[in-house]
Each structure stands twice: as structure tokens, then as C-alpha cells.
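Heads up, the thing below is written out as C-alpha cells.
Below, chains carry the letters A, B, ... as their sequence lines are ordered, and counting in each starts from 1.
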Amino acid sequence: MTFNQQVYALVRAIPVGRVLTYGALARLLGVPRGARAVGWALRATEPDGDVPWHRVINAQGAIVVKDRLHEAHVQRERLIAEGVIFDVHEHVDLERFRWQPAEFEARALLENLI
DNA sequence: ATAGTGACTGGAA
DNA sequence: CTTCCAGCCACTA
């Protein structure tokens with residue numbers, strides 16, 4: 001199971017209406033500073049595939065997209081449709097919408113997929 | 001084996 | 001509260 005596959009598995013486990021940051025996702029996978037690698041993995045997903053990539057945002061609670069305005073718009077629309085709220089600065093209140101799975105939960109999930 | 005490429009991040013200025 | 005910068009990590013050619 002590659003790092004990317006683990007990323008996808010965990011992203012698929014994020015509940016509707018909740019979000020995870022790139023860094024938090026990397027930490028759950030045991031790679032404390034792999035935030036960038038997570039971004040790389042998500043960048044390679046199909047916009048309409050089975051990976052809810054839109055539920056991953058940056059540590060500031062904002063949407064990060066470089067040269068992909070359309071997808072950034074889609075991400076925002078999907079999150080709003082799920083009930084996630086953006087403030088006037090286009091930031092999500094992480095304290096309120098962050099998904100915080102217990103470590104054993106994430107570990108068990110990944111082991112089930114091996 | 002190696003260099004280039006980012007949907008990142010935390011700290012410094 | 002803002003840029004700016006240097007690590008960091010997996011993937012690809």
C-alpha cells in the first residue's frame with residue numbers, strides 16, 4: 001500500500017460536512033511533515049472520482065488551489081452544500097468542522113485495507 | 001540513483 | 001495581520 005493509497009483511504013473516511021488539513025492527514029499517516037506529499041496525492045485524483053478530495057483544506061482553514069480556479073470553486077460549493085461554513089475571509093472554523101478521529105481508529109481503518 | 005515538482009507549514013521579518 | 005523562506009516528502013521522468 002503506497003502513501004498515496006493510504007491518503008485516499010483516509011480521505012474516503014472523512015464524514016460528510018467535516019474537513020481535515022493536509023498536515024493533520026499526514027500526521028495520521030505517521031508522516032509529520034508530509035503535508036506537501038498529501039497535496040501531491042490529492043492533486044492526482046479525478047475531480048468526480050470516489051475520493052472526497054474537497055474535504056481537505058490547509059491549516060488556515062482555507063481552500064488552496066494553484067492555477068485551478070474551476071476546481072477551487074467546485075470545492076467551495078461542495079463544502080457549502082455539506083453544511084460547512086465560510087466566514088467573510090473565506091475561512092472555515094477548524095475548531096468546529098475539523099474531523100478528529102482517534103488514532104486507533106485511523107490505524108484500524110488502514111489495516112483493514114491492506 | 002537523481003533532479004524537478006507542488007492542493008503545505010511553521011516560524012521569522 | 002501581512003508576506004517570505006526554507007525544510008519536507010512522495011512521485012515522476
#### Entry: Contact state string [nucleotides 6-13 of chain C, B base, S sugar-phosphate only, - no protein heavy atom under 4.0 Å]
-BBBSS--
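The shortest distance between side-chain heavy atoms of A/Ile14 and A/Val56 falls below 4.5 Å.
Residue contacts for A/Gln75: at a heavy-atom cut-off of 4.0 Å it reaches no nucleic acid atom on any strand shown.
Taking the salt bridge (charged side-chain N to carboxylate O under 4.0 Å, His left out) definition, one finds that A/Glu77 meets it with nothing, sequence neighbours left out. Partners of A/Arg78 by side chain to side chain donor-acceptor pair (under 3.5 Å), not counting sequence neighbours, listed by chain and number: A/Asp48. Partners of A/Arg107 under the salt bridge (charged side-chain N to carboxylate O under 4.0 Å, His left out) rule, at least two apart in sequence or in another chain, do not exist in this structure.
For DNA chain B, the outermost nucleotides in 5' to 3' order that have an atom under 4.0 Å from a heavy atom of chain A are B/dT5 to B/dG10.
Between A/Ala106 and A/Leu10 the shortest heavy-atom distance is CB-CD1, 4.1 Å. Residue A/Trp53 comes nearest to A/Glu71 through the heavy atom pair CH2-O, 3.6 Å, listed as atom of the first residue, atom of the second, then distance. A/Ala59 and A/Leu94 make their closest contact through O-CD1, 3.4 Å (heavy atoms, listed as atom of the first residue, atom of the second, distance).
Remark: A/Trp53, A/Asn58 in residues 48-58 of chain A come within less than 4.0 Å of DNA chain B through at least one heavy atom. Remark: nothing in residues 86-98 of chain A comes within less than 4.0 Å of DNA chain B through any heavy atom.
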Name the atoms and distances for all side-chain donor-acceptor pairs under 3.5 Å in residues 79-90 of chain A, with sequence neighbours left out.
| unit_1 | atom_1 | unit_2 | atom_2 | d |
| --- | --- | --- | --- | --- |
| A/Glu82 | OE1 | A/Gly17 | N | 3.0 |
| A/Glu82 | OE1 | A/Arg55 | NH1 | 3.1 |
| A/Glu82 | OE2 | A/His54 | NE2 | 2.8 |
| A/Glu82 | OE2 | A/Arg55 | NH1 | 2.5 |
| A/Asp87 | OD1 | A/His89 | N | 2.7 |
| A/Asp87 | OD1 | A/Glu90 | N | 3.0 |
| A/Asp87 | OD1 | A/His91 | N | 2.9 |
| A/Glu90 | OE1 | A/Arg76 | NH1 | 2.8 |
| A/Glu90 | OE2 | A/Arg76 | NH1 | 3.2 |

Return a table of donor-acceptor pairs under 3.5 angstrom between the side chains of residues 18-31 of chain A and protein atoms on other chains or two or more places apart.
| unit_1 | atom_1 | unit_2 | atom_2 | d |
| --- | --- | --- | --- | --- |
| A/Arg18 | NE | A/Phe97 | O | 3.3 |
| A/Arg18 | NH2 | A/Arg98 | O | 2.8 |
| A/Thr21 | OG1 | A/Ala24 | N | 3.0 |

Compile the donor-acceptor pairs under 3.5 Å between side chains in residues 35-47 of chain A and protein atoms, sequence neighbours left out, one pair per line.
| unit_1 | atom_1 | unit_2 | atom_2 | d |
| --- | --- | --- | --- | --- |
| A/Thr45 | OG1 | A/Leu42 | O | 2.7 |

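Note that the CG atom of A/Leu110 and the CD atom of A/Glu105 stand 11.0 Å from one another [nearest 0.5 Å].
When the side chains of ILVMFWY residues are joined at heavy-atom separations under 4.5 Å, either directly or via intervening members, A/Val65 and A/Val51 end up in two distinct hydrophobic clusters.
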